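Everything on this sheet refers to the single structure shown next.
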Amino acid sequence: MHVLVAEDDQVSLRIMQKKLESWGHAVHLATNGLEGWEQAKSIPIDIVVSDWMMPGIDGLELCRRIRNSELGRYIYFIIFTAKDKQQDIVHCLEAGVDDYIAKPLDFDEVHARLEIGVRIVRLERELSRRYKAIRKNSFQIIRMFTSLIEVLNEDLGGHCRRVAKLSLNLARRIAEVSDSDLPTLETAGLLHDIGMVGLPAESIAKRAIEMSGDERDSYRSHPTQGEVILKEIESLQPVAELVRAHHEQFNGRGFPDGLDGGEIPLLARILSAADAYDNLVHKWKIPLEDLPDYLQRQRGYQLDPDILDHLLAINLEAIQDEEIKEFSEILLDDLKEGMILAKDVRMKNGALLMPAITELTSYSIEKLKRYFQLKCIVNRLSIYKYSQGG
């Protein structure tokens, strides 16, 4: 274990160092709380053993800083001090201290308390590993669903990917949305139209006013159908709620529940705006320059006015990007990570292999090369020049 010792007394510091090293730990030393804090930020510390009373930043403040930071790992914190009243112990625990050792130190006790910390840190690391594995499995399920949508309806699959990306762009501009909301929103964007799987492609391609009665009923049921599908997986229940609500309208005339204004979850309002925008651009082929007129008609009607303002700003940025975007043909052997596809990559039979706007990774580049070796794709791809570097 990497153990940080924070102690302003040099003799005590060296004694503690020798003891910890004899117990098999990698030891890092700090003579005050500020030094300890800087080391905690730069070194993968597992356990802190700190004196309470130190000049400047004391042991409790060091603990508070560690607890209030985002270091990406749990650090077990042991404090030692001559203070031994009940209120002192409570004060330490309230600051986030895990264990408390009274001076003068008994090193048999220190060793035993430290071993408790080692076990807890190892358990925490194992829980973190398992949590990451669960998240990985969840993402695999999401990718499977997304791929299913794309296989059954290529246009619908592309729409879902774009809506997920645009939803994140919108959300990051809205102060009320926290970083922890983003994975749920992105997943909802990818899966918001999963309830359409099974609907005839010709029905999906129609405007609502062009649909027959039965077609309209089937179409209007897709948010609830999507909710039913996703609720079967416990971890996707928050996503299912957003999928159900993504056709609610700000004026209360949407479906399936007729929610209005603030009754509609904020993330669902964001998803609805991204969905409407992408349909205008890709389904109805409205030029970006004309979109503001179409969007303004939805202000306070279908779309939340505040979210609409952010959507208009994104559209303006898209217009400006289109003015500078150019692409060139790149050989597969010249592809690099970070390059962005300007056009869909399709196999020779017309099937979509990789959609436009995909940012290439080492994995995707190798995948493309394998498909070329199998003579499924050509040797040149369209890549945006702004992503080529140099």
Side-chain angles (χ1 to χ4, degrees), residues 142 146 156-194 208 223 226 238-255 257-325 340 355-359 384 386-387:
I142 293 163
T146 306
L156 192 61
H159 167 69
C160 289
R161 291 180 188 278
R162 292 190 300 270
V163 167
K165 185 175 181 179
L166 179 55
S167 295
L168 289 179
N169 192 349
L170 276 169
R172 291 187 174 107
R173 299 163 186 255
I174 299 171
E176 293 83 357
V177 179
S178 68
D179 289 343
S180 62
D181 291 326
L182 298 181
T184 299
L185 179 60
E186 182 180 17
T187 303
L190 289 169
L191 303 178
H192 74 282
D193 276 343
I194 193 171
V239 174
E241 294 172 6
L242 298 182
V243 168
R244 179 184 180 91
H246 81 275
H247 272 292
E248 301 292 348
Q249 295 185 174
F250 199 73
N251 65 354
R253 300 182 65 180
F255 57 90
D257 301 311
L259 304 178
D260 68 348
E263 291 180 335
I264 308 169
L266 174 58
L267 297 186
R269 281 178 269 155
I270 292 171
L271 183 60
S272 177
D275 182 39
Y277 181 91
D278 190 77
N279 277 327
L280 287 171
V281 174
H282 294 277
K283 191 173 184 179
W284 311 125
K285 310 298 183 184
I286 306 299
L288 296 181
E289 294 79 5
D290 297 337
L291 273 176
D293 289 339
Y294 285 83
L295 292 171
Q296 290 289 10
R297 296 171 197 167
Q298 303 300 326
R299 181 180 292 274
Y301 172 61
Q302 179 179 348
L303 304 180
D304 181 325
D306 294 332
I307 295 174
L308 177 57
D309 288 336
H310 292 295
L311 197 57
L312 290 168
I314 289 172
N315 186 65
L316 178 59
E317 292 168 8
I319 292 172
Q320 294 167 343
D321 286 345
E322 286 297 321
E323 293 173 351
I324 62 173
K325 273 183 181 177
I340 298 175
I357 320 298
T358 296
E359 182 174 339
Y384 281 119
Y386 72 83
S387 72

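For clarity, every value in this text was computed on a predicted model and none was experimentally measured. We're numbering straight along the sequence, starting at 1.
- The heavy-atom pair separating Cys160 from Asp193 by the smallest distance is SG-CB, 3.9 Å.
- Here the NZ atom belonging to Lys285 is positioned 11.0 Å from the CG atom belonging to Asn279, to the nearest 0.5 angstrom.
- Side-chain contact between Arg162 and Ile357 is absent, with no heavy-atom pair separated by less than 4.5 Å.
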Please report the C-alpha distance between Leu191 and Thr146 in whole Å, then the side-chain angles of each, then the deciding distance to 0.1 Å, and finally whether the side chain to side chain contact (heavy atoms under 4.5 Å, CB included) criterion is met.
CA-CA 7 Å; Leu191 303 178; Thr146 306; 3.9 Å; yes
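- Of all non-hydrogen atoms in Leu303 and Ala276, the two that sit nearest each other are CD2-CB, 4.3 Å.
- Nearest heavy-atom pair, Asn251 versus Asp260, reported as atom, atom and distance to 0.1 Å: C-CB, 3.9 Å.
- With a 6.0 Å radius and a threshold of 12 heavy atoms from other residues, nucleotides or ligands, Asp290 has its CG atom above the threshold.
- Gln249 has its side chain out of reach of Ile264: every pair of non-hydrogen atoms, C-beta onward, lies at least 4.5 Å apart.
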Apply the test side chain to side chain contact (heavy atoms under 4.5 Å, CB included) to residues Leu242 and Thr187: give CA-CA distance (whole Å), side-chain angles for both, the deciding distance (0.1 Å), then the verdict.
CA-CA 10 Å; Leu242 298 182; Thr187 303; over 6 Å; no
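- In terms of heavy atoms, Leu182 sits closest to Ala171 at CD2-CB, 3.8 Å.
- Ion pairing of Asp257 with Arg244 is present here, as a side-chain N (NZ or NE/NH1/NH2) and a carboxylate O approach within less than 4.0 Å.
- Between Glu176 and Arg269 there is no salt bridge, since no side-chain nitrogen of the basic residue lies less than 4.0 Å from a carboxylate oxygen of the acidic one.
- No side-chain heavy atom of Glu248 sits under 4.5 Å from any side-chain heavy atom of Ser272.
- Taking CG of Leu190 as the reference point, atom CG of Leu185 lies at 9.5 Å (rounded to 0.5 Å).
- Put simply, the side chain of Leu170 does not reach to within 4.5 Å of the side chain of Leu271, judged on heavy atoms.
- Between the side chain of Glu186 and the main chain of Lys165, no donor-acceptor pair closer than 3.5 Å is present.
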Test side chain to side chain contact (heavy atoms under 4.5 Å, CB included) applied to Asp304 and Ile270, step by step:
CA-CA 8 Å; Asp304 181 325; Ile270 292 171; over 6 Å; no
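- Between Gly300 and Pro305, the shortest heavy-atom contact is N-CG, 3.9 Å.
- Considering only heavy atoms from C-beta on, Pro355 comes within 4.5 Å of Arg161 through its side chain.
- Residues Asp278 and His159 approach most closely at OD2-ND1, 2.7 Å, considering heavy atoms.
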Give the intermediate values and the outcome of side chain to side chain contact (heavy atoms under 4.5 Å, CB included) for residues Leu312 and Arg299.
CA-CA 11 Å; Leu312 290 168; Arg299 181 180 292 274; 3.9 Å; yes
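- Neither side chain, His247 nor His192, offers a donor N or O lying under 3.5 Å from an acceptor on the other.
- At distances below 3.5 Å, not a single donor-acceptor pair connects side-chain atoms of Asn315 with backbone N or O atoms of Leu311.
- Side-chain atoms of Ser178 and Asp181 include a donor-acceptor pair closer than 3.5 Å.
- Annotation: the span from Asp293 atom CG to Arg297 atom CZ amounts to 6.0 Å, rounded to 0.5 Å.
- The CD1 atom of Ile314 lies 8.0 Å from the OH atom of Tyr277; values are rounded to the nearest 0.5 Å.
- No side-chain donor-acceptor contact under 3.5 Å links Asn169 and His310.
- Taken to the nearest 0.5 Å, the CG atom of Leu295 stands 6.0 Å off from the CG atom of Leu308.
- With rounding to the nearest 0.5 Å, the separation of OH in Tyr294 from CG in Leu280 is 8.0 Å.
- Residue-environment remark: CZ (Arg253) stays at or below the threshold of 12 foreign heavy atoms within 6.0 Å.
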